[in-house]
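Here's the structure, in structure tokens; my notes come after.
Chain letters run A, B, ... following the sequence lines, proteins first, then strands; residues in each count from 1.
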Amino acid sequence: MKPSIYENSRDVFLDTVNAKDYIQLERISAIYDSLKDSIEKPLKMVLLYGKPGTGKSMFLSRLYQNLLPLQKVYLYSTPILDESEFFKTLAQDLYGIAYDGELNFTQFIKILENRELQDTAIPLILLDEAQLYSTAMMEKIRLLSDTRKVKFLIALHKTDKEDIIAKEHFQTRIWESIKLENSSNSELKIYIQKKLMKANCIDTASMFTQKSINLIHKLTDGNFRNANKLVYTLFDIYLYYANTNPSKITKGEVSTKYIEMAAIHTGLINA
Amino acid sequence: MLNVSELEFKHKKYKRSFYYRYLIIFSVVIIGLIPILLFTLFDEKVEIQTTKQQAIITPIIEEKNDSITQDSNSTLIIVEENISKKEKIIPIIETKEIEDNSSILEEKRVLLTPSLSFIDRIESSNTQHITNVISDIKEVEVENIEPIIEEVKPKEQIIVNNKIESIEKTLPRIEDKKTSINIERKDEESDIADVIKRFNINHNPALSLFIAKKYYQLGNYEQAYNYALMTNDLNNNIEGSWIIFSKSLVKMNKKELAIETLKKYISYSNSSQAKQLLDEITSGKFK
Ligand SMILES: Nc1ncnc2c1ncn2[C@@H]1O[C@H](COP(=O)(O)OP(=O)(O)O)[C@@H](O)[C@H]1O
Ligand SMILES: [Mg+2]
């Protein structure tokens with residue numbers, strides 16, 4: 001194979017979040033469907049949580065893209081730290097009001113309460129990396145959703161600290177929480193192969209036999225981000241050999257040795 | 001560029017230590033088994049003891065095998081384990097594959113846990129007692145959900161009011177604020193360290209922008225500038241990174257550069273926030 005094939009395959013595994021690169025996995029589409037259900041329910045807040053690299057941001061951007069033509073929906077990928085800025089952004093997005101000065105919580109909630117819903121669907125705000133919001137801010141977000149004029153879907157990665165947030169600040173809510181998990185063995189296979197096939201790298205996609213997938217799954221625990229890093233480095237190694245010593249590349253399946261080398265490089269194996 | 005020859009070397013080392021470990025475990029097991037065999041052969045009274053010892057040793061072997069081997073037998077075991085683990089989780093939804101060109105798939109289940117469990121775990125002073133609504137959200141029909149909400153609503157209303165009041169009360173008090181700021185700051189710095197660690201792992205522009213903003217708030221404009229720049233490298237369409245970048249420049253007495261940057265950004269983004277900032281900088285309102 002030409003070196004460029006390895007280069008293209010490698011770049012497929014850059015760690016980026018882009019709705020158009022979304023790979024449908026049956027488990028995730030089931031979660032997706034139930035999430036869409038719960039958005040339509042009278043639940044006020046929905047929590048999406050899971051370890052880093054389980055696909056939360058990807059999931060949000062996909063949901064955002066899909067809901068965009070159907071209802072009012074906004075994605076805040078980066079937490080808006082400054083409170084006034086947060087409420088001003090909300091006022092701008094929800095009602096098209098631009099505020100010059102400060103806008104505090106009390107003022108904003110008054111605006112919210114005095115507004116009639118124009119739509120049947122309550123506008124939805126998707127908050128990514130929500131563990132970065134302060135505890136006080138989360139409390140205010142909760143109070144905003146109490147007005148039933150806006151809904152929040154909150155994505156956060158779970159640590160002990162977030163357990164505390166969950167306890168103290170959402171205890172009184174009837175809300176739904178959905179957990180994203182690392183992928184299973186067969187899901188990881190679909191993930192890697194589909195990702196490559198989408199980029200027209202069919203030859204390299206077929207190199208991932210069940211045996212190599214098993215090893216990759218064992219090393220990465222099925223975590224998408226770790227898998228991305230590992231496979232990226234793996235193709236980097238292939239690229240190196242293709243350029244310097246093509247005879248070292250065996251045809252057919254991915255070499256176990258190269259997978260292990262990539263794992264050493266990415267720190268998944270301690271050597 | 002990847003240093004492949006060094007990697008090859010490390011891999012060799014890794015393989016060697018891997019075989020050594022295998023060898024050591026193997027010899028330990030053999031050495032351990034010899035006395036057990038001897039005991040079972042010559043002394044019936046020790047039987048109980050020996051079975052205990054076996055019980056300790058065998059799991060170690062299995063565990064090691066499991067984590068090391070790559071032959072097809074053991075991988076089969078792992079797959080089975082995965083499946084059995086899945087099934088232990090309370091299944092709520094079963095799904096079928098809809099997508100087309102995918103390969104072989106097993107049946108899988110999805111876990112949706114209603115987080116109501118922490119409602120009843122909590123005893124909080126101002127919430128008193130919240131009705132124990134423990135139900136499986138997935139199974140509650142919409143008609144069923146309405147009454148539950150109605151029931152809780154009056155209590156919620158009270159809480160909301162309380163909370164608003166307490167927030168309003170804390171806001172105007174300046175002395176209170178000052179002391180709390182000090183405490184907050186310590187938190188924030190450890191928070192930043194935590195986020196930086198995560199950013200170094202996954203290079204998510206959301207995180208670097210967050211760090212830039214935090215540093216800006218803390219008055220560390222050099223770092224704010226650095227992280228805004230990194231954010232911009234990762235994705236140059238994030239408005240916030242341009243804003244923080246320019247603000248930091250002004251704070252570092254590089255007003256001209258800030259103006260130039262903003263103009264460049266405005267020319268292709270038409271960002272109203274950037275325009276406003278540009279106005280404030282040129283008029284001297286922001287310094
Ligand atoms: N369903 C998916 N389809 C395609 N890529 C995905 C999917 N889920 C996760 N990824 C990839 O895995 C990486 C980590 O996902 P991300 O959404 O950033 O995780 P999290 O937000 O939970 O930390 C991203 O680079 C993304 O490209
Ligand atoms: Mg994320």
Honestly, the part of A:Tyr241 sitting under 4.5 Å from a heavy atom of chain B is side chain

Applying a strict 4.5 Å limit to non-hydrogen atoms, the region of A:Thr244 in contact with chain B is neither

Could you tell me whether A:Gln107 atom CD has more than 12 heavy atoms of other residues or ligands within 6.0 Å of it?
-> yes

key: Heavy-atom side-chain proximity of B:Tyr14 to A:Glu260 below 4.5 angstrom   = yes

Is the number of heavy atoms from other residues, nucleotides or ligands under 6.0 Å of A:Lys51 NZ greater than 12? no

NE2 of B:His203 to CZ of A:Arg225, rounded to nearest 0.5 Å, is 10.5 Å

Honestly, the part of B:Asn204 sitting under 4.5 Å from a heavy atom of chain A is side chain

From CA spacing to verdict: side chain to side chain contact (heavy atoms under 4.5 Å, CB included), B:Lys213, A:Glu85: CA-CA 12 Å; B:Lys213 286 178 176 175; A:Glu85 199 189 322; 4.2 Å; yes

field: Heavy atoms from other residues, nucleotides or ligands near NZ of A:Lys198 exceed 12 (cutoff 6.0 Å)
entry: yes

Of all heavy-atom pairs linking A:Ser77 and B:Ala206, the shortest is O-CB, 3.5 Å

Applying a strict 4.5 Å limit to non-hydrogen atoms, the region of B:Leu207 in contact with chain A is side chain

Interatomic distance, CD@B:Glu6 vs NE2@A:His265, rounded to 0.5 Å, equals 9.5 Å

Rounded to the nearest 0.5 angstrom, the NZ-CD1 distance for B:Lys10 and A:Ile269 is 12.0 Å

Quick one, B:Glu8 and A:Lys248 - any side-chain contact, counting heavy atoms below 4.5 Å?
yes

One should read off an interatomic distance between B:Leu2 CG and A:Met261 CE, to the nearest 0.5 angstrom, of 7.5 Å

Turns out that what part of A:Leu180 lies under 4.5 Å from chain B's heavy atoms comes down to neither

Rounded to the nearest 0.5 Å, the CD atom of A:Gln131 sits from the CZ atom of B:Arg198 at a distance of 5.0 Å

If one checks every heavy atom of A:Lys229 against chain B at 4.5 Å, the contacting part turns out to be side chain

Rounded to the nearest 0.5 angstrom, the CG-CD1 distance for B:Leu209 and A:Ile80 is 10.0 Å

